[in-house]
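Letters A, B, ... are given to chains in the order of the sequence lines, protein chains preceding strands, and every chain is numbered from 1. Predicted model only: the values in this text are computed from it and were never measured.
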There are 2 protein chains.
Amino acid sequence: MTTIRDVAREAGVSVATVSHVINGTRPVASDTAERVRQAMEVLDYHPNAVAQSLRTRKTHAIGAVVSDITNPFFATLVRGAEDAAIEAGYSLIVCNSDESPEKEDRYVRLLRRRRMDGLLISPVGDGSSSVVQELPHWDTPFVFIDRRAEGIAADAVLSDNVAGAYQATKHLIDRGHHRIGIILGIKGATTTEERLAGYRKALTEAGLSVSKELVAYGGYRIEGGRKATEDFLSLSDPPTAIFSTNNLMTVGVLKTIAQRKIAVPQAMAIISFDDLDLGELFQPPLTAVTQNPYEIGRIAMGLLLTRFEDKGKRAVEEIRVPVVLTVRGST
Amino acid sequence: MTTIRDVAREAGVSVATVSHVINGTRPVASDTAERVRQAMEVLDYHPNAVAQSLRTRKTHAIGAVVSDITNPFFATLVRGAEDAAIEAGYSLIVCNSDESPEKEDRYVRLLRRRRMDGLLISPVGDGSSSVVQELPHWDTPFVFIDRRAEGIAADAVLSDNVAGAYQATKHLIDRGHHRIGIILGIKGATTTEERLAGYRKALTEAGLSVSKELVAYGGYRIEGGRKATEDFLSLSDPPTAIFSTNNLMTVGVLKTIAQRKIAVPQAMAIISFDDLDLGELFQPPLTAVTQNPYEIGRIAMGLLLTRFEDKGKRAVEEIRVPVVLTVRGST
DNA sequence: GTGAAAGCGCTAACAG
DNA sequence: CTGTTAGCGCTTTCAC
């Protein structure tokens, strides 16, 4: 592998000069610069970013820890973050915590060892794991995405969960439903708690009570959605509508309902927090609260990048990205 | 940030000893080792992977350049690769080329500068870009995934495209179709050429001719699928079946067909190379050639990792991962 | 069983 | 406008 010294020798200049033409960090006579560029070309030289990082203490890399990259919600969020990072000359390293505290722990430590310049993280569960709680004591800027960790005052970019869940529930009530089953994700996660709050608010406002048997937890996974639906169906007095609070669980709901050949929306109305990519192609098309993961990613990255300048000076920000209710055929 | 020197001082040993307890690279008296571990704990020390990499010339990181991480096919492939990497103590850096030669170029260079230990790459188009063509001259092992580049003898892990396309086409023929429109991706891409070959083979075997107006290109994008479908429909003698050769283009086909309220499969049969995540939930459920991206990723990573030992000694391997035809309601 | 010291490839004073 | 050189934090001979 050719080094900066090889280039310097080939061009007949010092390594300092080569470094400065690479980085444009000080004026170089144009013919000297040209010789250097020629030498780099000839030797097929590619600066060693590892050495650069060691020296400058900057990796120009951002780490992101998300729940599952195969979930289109996070895949899209990551694309938004990536696009914003690239524009600013940073690259993004993506890790899947898979909703597992162990993996989260491992990846956050990994990203720390690799000296990321900043972090984007959607904490597992309620964010009480030690590695997440220690984040503020470490001197790397970070911003929470999609969810935030309990008890940590830090930047966060989140969907407007309460409003979205409220709208979804109210829509169902307006359609005449009184018994609305809600399938939540992981207890303690801020998304879960906030969506539950929106649901309660709508019910209470309508003078309806919140029945415990109609509140289920599906772990934000397909299987969880399926299981919760089956539990609902086996109730002596089953709900007439199901509100699934993430895309994956909605898939579980739809599969179960299709399998049991239950008519939608006549026998069961279905609404999802977070649309499915092809939601409009289902029969009937899916009614959903549409989030904007791409924007969440972009905004979060933008916020993070500003932190590199104002070293912890500006106040912590919590940004809520609006959601919109898309009424289609399933309700 | 605390360094290995701080730990050495705190523990009252040399940096060499600290290094060796971190890496287990030589015997250390158990009480000394204990003191060192204590010191690391107290100082909240995290080894600097950047410095380690510079010194050892190994980053323990693999770079992957894929077309689009929001495409479930690649998202799943990446998960397979990642799982295999993690098991072996490597981490995976994912980049989206977005089918753009410029981005591909930029990312491959980026990964080179960051001194990845190895690369996984699905080349854009026919893989004729200079950065891809230079890959072999560079001394980093790499393996092609999903597609391969023209004229480069290198490891590759690919779906069995010819067989899959043959099966799909034959299935349509068996169902009585004579005019079958095929929507290919990007001209020159090996996936495109191979799937076309399978299609031709089945038609020829059945004594049918390959009509040029029934062969379209959709760039592996939703919009391309939509456009191609519309072109087919406006033909004086439109096809009775459409064979879409990737998941995204299939979405475009389905959207167009649904919009035009064309009956599937009566008025138009639809088959897709690469299943949709929720293909079974459509009305009618989608018939598809199911690939196994997770396995492609795992196998490719496994192959790459073996290359770290046998430095280019073993012969180049091309591994074909089987596909299976899943007949559902759309044909 | 342990330590001293020479670099890995680069950047950035400092000096001219 | 250009060169010399001291590290960045770590691993790894070589020596004891």
Side-chain angles (χ1 to χ4, degrees), chain A residues 1-37 39-40 43-61 89 109-110 112-117 138-140, chain B residues 1-37 39-40 43-61 89 109-110 112-117 138-140:
Chain A
M1 188 95 326
T2 98
T3 75
I4 198 172
R5 300 181 68 98
D6 301 324
V7 176
R9 192 178 318 117
E10 172 82 17
V13 298
S14 72
V15 293
T17 299
V18 177
S19 172
H20 285 115
V21 345
I22 292 172
N23 303 299
T25 31
R26 89 179 174 193
V28 173
S30 63
D31 55 335
T32 314
E34 191 46 39
R35 275 214 319 287
V36 171
R37 269 186 284 270
M40 299 201 308
L43 299 177
D44 192 32
Y45 169 71
H46 298 267
N48 184 326
V50 176
Q52 291 177 316
S53 294
L54 179 60
R55 183 58 231 237
T56 61
R57 298 150 158 285
K58 291 194 95 294
T59 54
H60 283 278
R109 288 184 201 292
L110 179 78
R112 176 181 314 191
R113 290 200 294 105
R114 292 216 199 278
R115 299 295 189 266
M116 297 292 106
D117 289 342
W138 181 36
D139 62 357
T140 299
Chain B
M1 188 95 328
T2 97
T3 76
I4 198 173
R5 301 181 67 97
D6 301 324
V7 176
R9 193 178 317 118
E10 171 82 15
V13 298
S14 73
V15 293
T17 298
V18 176
S19 172
H20 286 116
V21 346
I22 292 171
N23 302 299
T25 31
R26 89 178 172 194
V28 174
S30 62
D31 55 335
T32 314
E34 191 45 39
R35 276 212 321 286
V36 171
R37 268 185 284 271
M40 299 200 309
L43 300 176
D44 191 31
Y45 170 70
H46 297 267
N48 184 327
V50 175
Q52 290 177 317
S53 294
L54 179 59
R55 185 54 232 242
T56 60
R57 296 149 161 285
K58 292 194 93 297
T59 53
H60 282 277
R109 288 185 200 291
L110 179 78
R112 175 180 314 192
R113 290 200 294 105
R114 292 215 198 278
R115 298 296 190 266
M116 298 292 106
D117 289 342
W138 181 36
D139 62 356
T140 299

Quiz item: What pair of heavy atoms forms the shortest contact from B/Val13 to B/Val18, and how long is it?
Solution: CG2-CG2, 3.7 Å

Self-check item: Closest-nucleotide ordering on DNA chain C, the 5'-leading residue of B/Val15 and B/Thr56
Solution: B/Val15

Self-check item: A/Ser30 or A/Arg5, whichever maps to the more 5' nucleotide of DNA chain D
Solution: A/Ser30

Quiz prompt | Euclidean distance, atom CZ of residue B/Arg55 to atom C1' of D/dG7 [Å, nearest integer] | solution = 15 Å

Self-check item: Residue met sooner reading DNA chain C from 5', once B/Thr32 and B/Arg115 are mapped to nucleotides
Solution: B/Thr32

Quiz item: When we call it a touch if two heavy atoms are under 4.0 Å apart, what does A/Val50 touch: a base, just sugar-phosphate, or nothing?
Solution: nothing

Practice problem: Please confirm whether any donor atom in the side chain of A/Arg26 sits under 3.5 Å from an acceptor in the base of D/dT2, or the reverse. | Solution: yes

Practice problem: Please name the pair of heavy atoms, one in B/Thr59 and one in B/Met116, separated by the smallest distance, quoted to 0.1 Å. | Solution: OG1-CA, 3.7 Å

Quiz item: When the distance from CG of B/Asn48 to C1' of D/dG7 is rounded to whole Å, what number comes out?
Solution: 14 Å

Quiz item: At their closest point, which heavy atom of B/Pro47 faces which heavy atom of B/Gln52, and how far apart are they?
Solution: CB-NE2, 3.8 Å

Practice problem: Would you please confirm or rule out a distance under 4.0 Å between OP1 or OP2 of C/dA12 and any side-chain N or O of A/Thr25? | Solution: no

Quiz item: Quick one: is A/Ser14 getting a side-chain N or O under 4.0 Å of the D/dG3 phosphate, OP1 or OP2?
Solution: yes

Practice problem: Please determine if a side-chain N or O atom of A/Gln52 lies less than 4.0 Å away from the OP1 or OP2 oxygen of C/dT11. | Solution: yes

Practice problem: Name the nucleic acid region contacted by A/Ser53, choosing base, sugar-phosphate or nothing; use a 4.0 angstrom heavy-atom cut-off, strictly under. | Solution: nothing

Quiz item: So, is B/Thr17 near the phosphate of C/dT2, with a side-chain N or O under 4.0 Å from OP1 or OP2?
Solution: no

Practice problem: Can you tell me the distance, in whole Å, between the CZ atom of B/Arg113 and the C1' atom of C/dG9? | Solution: 14 Å

Quiz item: How many Å lie between CZ on A/Arg114 and P on D/dG9, as a whole number?
Solution: 18 Å

Quiz item: Which part of the nucleic acid, if any, lies within contact of A/Ala16, taking any heavy atom under 4.0 Å across all strands shown: a base, the sugar-phosphate backbone alone, or nothing?
Solution: base

Practice problem: Let me know which of B/Arg114, B/Arg115, B/Arg112 forms a side chain to side chain donor-acceptor pair (under 3.5 Å) with A/His46. | Solution: B/Arg112

Quiz item: Taking all non-hydrogen atoms of both residues, which atom of A/Thr17 and which atom of A/Arg26 are closest, and how far apart?
Solution: OG1-NH2, 4.3 Å

Quiz item: Taking atom P of D/dC1 as reference, at what distance in whole Å does atom NE2 of A/His20 sit?
Solution: 13 Å

Quiz item: Can you check whether A/Arg57 has a side-chain N or O nearer than 4.0 Å to OP1 or OP2 of D/dG9?
Solution: yes

Quiz item: Nearest-Å distance, CG (A/Asp31) to C1' (D/dT2)?
Solution: 12 Å

Self-check item: For atom CD1 of B/Ile4 and atom C1' of C/dC8, their distance in whole Å
Solution: 15 Å

Quiz item: A/Leu54 CG to C/dA12 P: how many Å, rounded?
Solution: 12 Å

